[in-house]
There are 2 protein chains.
Amino acid sequence: MEELIKCCKEQGLRITKGLKAIMNALDEAKLPLSLQELEVNPQIAEICDRATVFRTLQRLEGIGLLRRLNFSHSGAKFSLNTGDAHKEYLICRLCGEVKELKMSCPVHQLEEKLSEENGYSAMTHELTFYGLCRKCN
Amino acid sequence: MEELIKCCKEQGLRITKGLKAIMNALDEAKLPLSLQELEVNPQIAEICDRATVFRTLQRLEGIGLLRRLNFSHSGAKFSLNTGDAHKEYLICRLCGEVKELKMSCPVHQLEEKLSEENGYSAMTHELTFYGLCRKCN
DNA sequence: TCATAAATGCGATATAGTTGCATTAAGAAA
DNA sequence: TTTCTTAATGCAACTATATCGCATTTATGA
């Protein structure tokens, strides 16, 4: 957390209450949060509004501290980019339940190959599994 | 194509001009299309409107003939589910260029394992790579 | 050809994402 | 500490996307 704040400073961001509250919420949540989920979080709602949350997320994504995830049938969700290990998720197509998977990513080493073959740089990837959870099945 | 129409019939869908036009467009496009892209396609626009395209996509997805894809910074896109081999894409984070990758999916065999471990059924997954293309870099 | 229910068109509405502008406040400089 | 500059904010408006209700049309089985 200290680490993250420091990183924001280095990148020229001002350390405001909103920024801290948002980063805290993202840090405490064990799962990615959407703009709306952040917006209604009591700790955050008290301090700042939707537009601020939106722009703060933009800034954090801009400096690479935040990862934007795109799950089926839900808007974008965001999670802090601690370390550079990305995460895999399992999503229920019906109720939207989000589970984080514990696995070593099986496609990481492909990035370099794809980067060369296609002339792309700054590679990242998303690997997401979908299914029907026990309740929804 | 014949195959797909047959499948629609078996699933109880009525074979309308709209359905055929939409499936054709998706079939001819080498890449996934968004609702808007379909809506403005001349072949389709002539026959039916946005709500119909929307609901047709819903139906096709419902019977498993259509796959909904979620790429960063763009709305949902759709592609026909021919065979059950899914596809991998490489997306430019800036201009949004979409490339289909030719690779044998390295995580397919993980689905069964995850299904058991988490009590999920009807598993699918999405593997998408992002980067900056030559032009945008 | 007729009857029935699925599919459609239209317009309204909901939801997510985004912006302009006047105001506030973080942090560097004095 | 006070002052100054400019990033950050709040508010409200706005755009784009997604979705729905209902009256009408049309595909298909009898």
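To find a chain, count down the sequence lines: A is the first, B the second, and so on, and within it residues start at 1.
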- Under 4.5 Å between side-chain heavy atoms, hopping through other hydrophobics if needed: is there a path connecting A:I22 to A:I47? no
- Note on the structure: Scoring nucleotides 14-20 of chain D by protein non-hydrogen atoms under 4.0 Å (B base, S sugar-phosphate only, - none) yields ---SSBB
- Note on the structure: Sorted by chain and residue number, the ring-ring contact (aromatic ring centres under 6.0 Å, His included) partners of A:F71 (sequence neighbours excluded) come out as A:Y89
- Message: Does anything in residues 41-56 of chain B form a salt bridge (charged side-chain N to carboxylate O under 4.0 Å, His left out)? List the pairs, not counting sequence neighbours.
- Response: B:E39-B:R50
- Residues at least two apart in sequence or cross-chain that pass salt bridge (Lys or Arg N to Asp or Glu O under 4.0 Å) with B:R59, listed by chain then number, are none
- Query: Which residues pass the side chain to side chain donor-acceptor pair (under 3.5 Å) test with B:K99, sequence neighbours left out?
  - Reply: A:N118
- Would you mind reporting whether B:L31 and B:L69 have side-chain heavy atoms less than 4.5 Å apart? no
- Query: Which is true for A:I47 with a 4.0 Å heavy-atom rule: it touches a base, it touches only sugar-phosphate, or it touches nothing?
  - Reply: sugar-phosphate
- Beyond-backbone contact of A:H125 with A:E111, side-chain heavy atoms, under 4.5 angstrom: yes
- Kindly check if the number of other-residue, nucleotide or ligand heavy atoms within 6.0 Å of CD (B:E3) is above 12? no
- Task: For A:T56, report the nucleic acid contact type (base, sugar-phosphate, nothing); a contact means any heavy atom under 4.0 Å.
- Result: sugar-phosphate
- A:M1 side chain near A:M23 side chain, heavy-atom distance below 4.5 Å: yes
Every protein N/O lying under 3.5 Å from an N/O of nucleotides 28-30 of chain D:
unit_1 : atom_1 : unit_2 : atom_2 : d
D:dT28 : OP1    : B:I15  : N      : 2.7

Throw together a table of side-chain donor-acceptor distances under 3.5 angstrom for residues 5-17 of chain B, partners on residues two or more places apart or in other chains.
unit_1 : atom_1 : unit_2 : atom_2 : d
B:T16  : OG1    : B:L19  : N      : 3.2

- Item | Non-neighbouring partners of A:E37 that pass salt bridge (Lys or Arg N to Asp or Glu O under 4.0 Å), sequence neighbours left out | A:K77
- Would you say B:L38 and B:L35 are hydrophobically clustered, going by side-chain heavy atoms of ILVMFWY under 4.5 Å? yes
- Of the residues in residues 18-32 of chain A, which ones touch DNA chain D at a heavy-atom distance under 4.0 Å? none
- Sequence neighbours excluded, which residues qualify as salt bridge (Lys or Arg N to Asp or Glu O under 4.0 Å) partners of A:K113? A:E117
- Query: End-to-end bend of the helix from C:dT1-D:dA30 to C:dA30-D:dT1 (five-pair axes, 10° rounding)?
  - Reply: 40°
- Query: Going 5' to 3' along DNA chain C, which nucleotides are the first and last within contact of chain B (any atom under 4.0 Å from a heavy atom)?
  - Reply: C:dA5 to C:dA12
- A:Q43 and A:N24 side chains, donor-acceptor separation under 3.5 Å: no
- Query: Are the side chain of A:S115 and the backbone N or O of A:Y120 linked by a donor-acceptor pair below 3.5 Å?
  - Reply: yes
